[in-house]
Amino acid sequence: MKDLLIVDYWNQKLNERYPVYFNNLLQGGYINMPSARMSREGEIGLGYSEFPPYQSYNLRIQLVDFLEVSGNYRIFVGVDDPVLTQFGYGDYSDKGANVKLSLFSPEATHYRLPGLAVGLEDFIGTSSFKAGYIVATQVFLDYNLELSLGYGFNRMGGLFGGMHWVPFRTNESKYLKGLAFVMEYDSIRYKDERWEPHPQGRMKRTGLNIGVKYRALDFVDLSLSYIRGDAVAFNASIFYDFGSTKGVIPKIEDPLPYKAPVNNEEIGPLRPDDVMVQDFAYAFLNQGLALKDAWLSRDSCCKTTLRFSVINMIYRQEERLRERLDAILAALAPSDVDEIIVVIDAIALPVQEYRFDMAHLRSYVNDDIGSYELAILTPLEEVSYPNPFESAHLFHRANDLYNFELLPKTNTVFGSAGGKFKYALGLSANVNGFLWGDLYYTFSLGYYAISNIKHVADYDRLNPSQIINVRSDIINYFKIGQVTVDEAYLERIWNVGKGWYTKVALGLFEPEYGGVMTEVLYYPVTSAWAVSAEFALVKKRQTMGLGFTNKIRRFKGLTPHFYKYTGSQYFLNLYYDWEKTGLNFKFGLGKFLANDYGFKTEISRYFPSGLQIGFWYTYTNGHDKINGNIYHDKGVFFSMPLDIFYTYSSRTRWGYGMSAWLRDVGVTAATGCQLYNLINQQRQ
């Protein structure tokens, strides 16, 4: 026991981490100033700050250990928007984005040396609060103290510094250990009108800010401070490590890997093939898998092969799926079979397969090799198909004719003339399934029960789009006060073989567009690269009903004109999954809906938990202008597995994306499921 206590002590010392606190803009820092420290990768924070004369809603994302990204929606309290306040917009506001790059982390030397970071504040958009800085931070663990010294540029002019003292950090009381005292020297040029746009923010009696912070429940931060010798500031935020979490709630409802009953009897009088298949069917189902087809074949060389086609219903991680398969096959494989092939099926699409050599599987059963060695000996391979002249089809399960889902339906608008935040909330009733084998259909009805979006204009009052309105009028589709048909389309996907996949779809793809599309994808099992070509011909839907309209609006100045329109989009796409870094890249070149040509780049980071965060940037010849400057579409998105909040595994995900501005340049219509994403998620 003494040895174990010694080991535990040193494990705690090695993993000891001085707490990171955040400033009023939710960056690693003090009150208004930043530090060189940042949280663990995958952590997401949300917060609200009041630092007179501003209010700010903040978001923070730690993309990797050395890169912190944050965004702020800052409200100028008591300052009218010169144009929009008369329409109900409220006080003037400004959006900003910040980034901080750690060149050297204090944790890298276990706080023996200081960390060093560089950063930019409000570097895109209006850049009213633009600043740059370099800062060094030293942590003194024995004194529960953190000190920073930095130099800022632009709005943050000159030397600045900060201090955190957490006197009760090692105290056993959970109520005291989260208490911290903070002090900083604030170098912001408040008195300079170029860098302080709010008239009431130009008072600065002293550069010394002091405050107190408190961390509760390991995910809630509260802060109260006195700034500029003139005002009291308050900050509240929450954070959680969504990147590495295995779930907010343990997966207590997941079955353990299959153990019993064990039956390796050979196929014959004592174990007929139909009984053997039932053994597997029930075992697969109990493990969250569905047996779709089973074949038994003997080739001319007397090699016996058992083949299964299995639908993975609940597991997001390929390694967890493999763990279940290993256990089932080890316990139930007939002793006279030479090879077992398991094909993984996704929405009537065979994606990949495992080929288990029974000699390797028996070594695994006898503990001669482990699961790691078995995985190396049984890699993912391209899908193969049974020889109908040598195979007996033992089992077939038809695809579900229908499946009913009731899901929330939400749409939001930020920064409309009628207010900073508009929403429409309701329900979506979906029916989907398969007709005539593998022909997939989906039909979705939607209804908004609560909405304050009805009086939002369908064009930008200040900068009406001067190209055809292929997306900027989508607000009209959110205003419908009755049941709408949001989706109604047919889709068929084929695995052609050797890494080639094709897809065709027809119908109403989204509330605004419907039509036909086709796609060809090349994505071999062993490749991190993929390439696809897609083409779609679409028409704009009427705001109500199932019909289409032949007209589309375009402004000339402030005057709307209408033209005949049939939309088309086509792209050549290149994908790359950089598995070691958890980065996914997509580069698409082609034609967009507004008859503009260019490219779209998407970069996303995916985490062990399944969380995916990314951004996109589109460059086209559309020449859409905002405030006299050419605008190129850009935005952020995320996708989160919902089983983080479940007591069981699930493949269900929830995603959200938002453009910097609702415009018509670089716009594409939805065309059903995305082939690359469907296959890539099966290989994660």
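Reckoned from all heavy atoms, side chains included, excluding hydrogens, waters and symmetry mates. What you see is a predicted model, and the numbers here were worked out from it, not measured in a lab. In this chain, residues are counted from 1 in sequence order.
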Interatomic spacing from CG in Asn430 to OG in Ser444 - rounded to 0.5 Å: 3.5 Å
Parallel, tilted or perpendicular, as decided by the 30° and 60° cut-offs, for the rings of His561 and Tyr563: tilted
Test of ring centre spacing under 6.0 Å for Trp529 and Phe585: no
Geometric class of the Tyr576/Trp578 ring pair [parallel <30°, tilted 30-60°, perpendicular >60°]: tilted
Mutual orientation of the aromatic rings belonging to Phe592 and Phe571 [parallel < 30°, tilted 30-60°, perpendicular > 60°]: perpendicular
Audit row: Gln352, Arg683, side-chain hydrogen bond (donor to acceptor under 3.5 Å, both in side chains) steps and yes/no: CA-CA 9 Å; Gln352 56 215 16; Arg683 298 176 182 172; 2.9 Å; yes
Gln684 versus Asn680, side-chain donor and acceptor atoms under 3.5 Å: yes
Aromatic ring pairing Phe414/Phe421, orientation class (parallel under 30°, perpendicular over 60°, tilted between): tilted
Approximate separation, where rounding is to 0.5 Å, of Tyr513 OH and Ile474 CD1: 8.5 Å
Salt-bridge criterion met for Asp643 and Arg651 (N-O under 4.0 Å): no
Between Lys539 and Asn550, a side-chain donor and acceptor under 3.5 Å: yes
Verdict with reasoning, Asp577 to Tyr606, per side-chain hydrogen bond (donor to acceptor under 3.5 Å, both in side chains): CA-CA 10 Å; Asp577 184 356; Tyr606 56 87; 2.4 Å; yes
Parallel, tilted or perpendicular: ring planes of Tyr619 versus His632, cut at 30 and 60 degrees: parallel
Plane angle bin for Phe535 and Tyr570 - parallel if under 30°, tilted between 30 and 60°, otherwise perpendicular: parallel
Residue pair Asp664 / Asn469, side-chain donor-acceptor N/O under 3.5 Å: yes
Exercise: do Trp661 and Asp633 side chains pair donor with acceptor under 3.5 Å: no
Lys551 vs Tyr565, side chain to side chain contact (heavy atoms under 4.5 Å, CB included): CA-CA, chis, key distance, verdict: CA-CA 6 Å; Lys551 294 183 178 180; Tyr565 175 76; over 6 Å; no
Polar side chain donor-acceptor pair, Ser297 to Glu390, under 3.5 angstrom: no
From CG (Leu321) to CD (Gln682), nearest 0.5 Å: 8.0 Å
Parallel, tilted or perpendicular, as decided by the 30° and 60° cut-offs, for the rings of Phe637 and Trp616: parallel
